[in-house]
Amino acid sequence: MMEEGPPNASQGQQGQFTARNSSSSSLDLESVVQPLSLNPWDVVLCVSGTIISCENAIVVVVIFYTLAFRAPMFLLIGSLATADLLAGLGLILRFAFVYFTPSEAVSLLTVGLLVTSFTASVSSLLTITIDRYLSLYNALTYYSERTVTRTYIMLILTWGASICYGLLPIMGWNCLKEPSACSVVKPLTKNHLIILSLSFFMVFAAMLQLYVQICKIVCRHAHQIAVQRHFLAGSHYVTTRKGIATLAVILGTFASCWLPFAVYCLLGDYSYPALYTYLTLLPATYNSMINPVIYAFRNQEIQKVLWTVCCGCLSSAMPFRSRSPSDV
């Protein structure tokens, strides 16, 4: 027979491990020194990260290797795809480090990457909205060097602010030494997550206001075209309704994905069950999965390149039709 260790010590270790699992509340992104049982929610997040990475990697490669995609509109779409690609990789790395090579330092780097990438993703959506609004409001002067300069400034501000947010946990603003200060996502502090949530609501309010203005401009332009070309009122109505419906889908998708998590971050704390965090965080990750479909794969120029690469159906030298960012 195999020798057994002291029963009291074995039972004590097993009791501590059971207590740790049963008392887990907020989503734990910090390191663990003991092996964890596989959480199905973490598997779902990892699978989502894999899909997100594959989708957005295609967009990044297409935009990077196609010289025709150097216009401000495509630079902003590339920024969004890069942010979502990093978010997907962050979800995969988070799963790998937590379950295979747990380390406190690496965990902080992982959560920093996730904060940076998701912040950049949301901010990139705002920059795309601003670009679309300006392309309608200043249609005559949009295609100028001033637009290119403005685009680079928006990209610098977007990624600069996102990196700063992501560095905060790494630089010491975390709850590793003070568990009572933890938020619903460890090791982020409650105050840090509140700032991120409030920033999201500011971005959402700005996007809502801009899309309302875009709808007004679209309706006015559609009416003017209908009058000049003597179109029927029904044609004007159909065109306007289609444009507004498209904008509603864009804004509605963004809100439905991110609002539950943002609200929960404000109301919840570290004592809440981790299930609530998973249920609100998972839809937020789906936004990075849907973004390539809305902003990239619907674009006719990107579709031509993808068909050329995948099927060879079209000539790679096929000229692109110049489109405005307002072509949603």
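Every value quoted in this text rests on a predicted model; they were computed, and no experiment measured them. When a residue number appears, it is its place in the shown sequence, counting from 1.
Using a distance-only test at 3.5 Å, with no hydrogens or angles considered, a donor-acceptor pair links the side chain of N174 to the main chain of P169. Between the side chain of T129 and the main chain of M207, no donor-acceptor pair closer than 3.5 Å is present. With hydrogens and angles disregarded, no donor-acceptor distance shorter than 3.5 Å links the side chain of R132 to the backbone of T127. K190 contributes a side-chain N or O that, together with a main-chain N or O of L266, makes up a donor-acceptor pair within less than 3.5 Å. Remark: side-chain polar atoms of R70 are paired, donor with acceptor, to backbone N or O of T66 under 3.5 angstrom. In terms of modelled atom types and a separation under 3.5 Å, the side chain of R94 and the main chain of S107 share no donor-acceptor contact.
Following chains of ILVMFWY side-chain contacts shorter than 4.5 Å, one cannot reach Y152 starting from F64, and the two form parts of different hydrophobic clusters. Cluster membership check: I195 shares its hydrophobic cluster with L267, using side-chain heavy-atom separations under 4.5 Å among Ile, Leu, Val, Met, Phe, Trp and Tyr. One hydrophobic cluster holds both V98 and L275 under the rule that ILVMFWY side chains link at heavy-atom gaps under 4.5 Å. Clustering ILVMFWY residues whenever any of their side-chain heavy atoms sit less than 4.5 angstrom apart, transitively, puts L157 in a cluster other than the one holding L80. If you chain together hydrophobic residues whose side chains sit under 4.5 Å apart, M202 and I194 never meet in one group.
Here the side chains of L45 and Y278 are in contact, with some heavy-atom distance below 4.5 Å. Contact annotation: the side chain of M289 approaches that of S48 to within less than 4.5 Å [non-hydrogen atoms, C-beta and beyond]. With contacts defined as side-chain heavy-atom distances shorter than 4.5 Å, the pair W159/T82 qualifies. Between I302 and F74 there is a side-chain heavy-atom pair separated by less than 4.5 Å. At least one side-chain heavy atom of T285 sits under 4.5 Å from a side-chain heavy atom of L91. Here the side chains of I214 and Y137 are not in contact, with every heavy-atom distance at 4.5 Å or above. Counting heavy atoms from C-beta on, the side chains of V184 and Y276 never come closer than 4.5 Å. F204 places a side-chain heavy atom less than 4.5 Å from the side chain of L251.
Using the six-membered ring where Trp is involved, Y165 and H192 have ring planes that are parallel, under 30° apart on the 30 and 60° scheme.
In this structure, CG on L136 lies 11.5 Å from CD on Q213, to the nearest 0.5 angstrom. Atom CG of L168 and atom CG of L108 lie 12.0 Å apart (nearest 0.5 Å). To the nearest 0.5 angstrom, Y295 atom OH is 13.0 Å from N299 atom CG. Of the inter-residue distances, the one linking W258 atom CH2 with F118 atom CZ reads 5.0 Å to the nearest 0.5 angstrom. To the nearest 0.5 Å, atom CG of residue D269 and atom CG of residue L193 are 11.5 Å apart. Taking CD1 of I128 as the start and CG of L75 as the end, the distance is 11.0 Å to the nearest 0.5 Å.
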**Item:** L38/D42 under side chain to side chain contact (heavy atoms under 4.5 Å, CB included): CA gap, chis, key distance, verdict
**Value:** CA-CA 8 Å; L38 192 62; D42 289 333; 5.8 Å; no
**Request:** Determine, stepwise, if the pair F200 / V263 fulfils side chain to side chain contact (heavy atoms under 4.5 Å, CB included).
**Result:** CA-CA 10 Å; F200 164 79; V263 172; over 6 Å; no
**Message:** For N39 and Y99: C-alpha separation, side-chain torsions, deciding distance, then whether side-chain hydrogen bond (donor to acceptor under 3.5 Å, both in side chains) applies.
**Reply:** CA-CA 10 Å; N39 188 333; Y99 286 97; 4.9 Å; no
**Derivation and outcome, side chain to side chain contact (heavy atoms under 4.5 Å, CB included), residues T277 and W41** = CA-CA 10 Å; T277 306; W41 288 101; over 6 Å; no
**Request:** In sequence, state the C-alpha distance, the side-chain angles, and the governing distance for L259 and F201, and then conclude on side chain to side chain contact (heavy atoms under 4.5 Å, CB included).
**Result:** CA-CA 8 Å; L259 274 178; F201 283 110; 3.6 Å; yes
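The nearest pair of heavy atoms linking Y264 to P273 is OH-O, 3.8 Å. Summarising the geometry of G90 relative to L113, their closest heavy-atom pair is CA-CD2, 3.8 Å, with the distance given to 0.1 Å. Scanning all heavy atoms of the two residues, the minimum distance from C175 to T189 falls at N-CG2, 3.9 Å. Here the shortest heavy-atom pairing between A206 and L126 reads CB-CD1, 3.9 Å. In this structure, S197 and C265 approach most closely via the heavy-atom pair OG-CB, 3.1 Å. Across all their heavy atoms, P283 and T280 have their closest contact at CD-O, 3.3 Å.
Residues that satisfy the side chain to side chain contact (heavy atoms under 4.5 Å, CB included) test with S123, not counting sequence neighbours, are T119, T158, S162. Not counting sequence neighbours, S256 has no partner by the side-chain hydrogen bond (donor to acceptor under 3.5 Å, both in side chains) test.
In the hydrophobic clustering (ILVMFWY side chains linked at under 4.5 Å, chained through shared members), I92 stands by itself.
Applying the side-chain hydrogen bond (donor to acceptor under 3.5 Å, both in side chains) test between S121 and each of N287, N56, D84 identifies D84 as the sole match.
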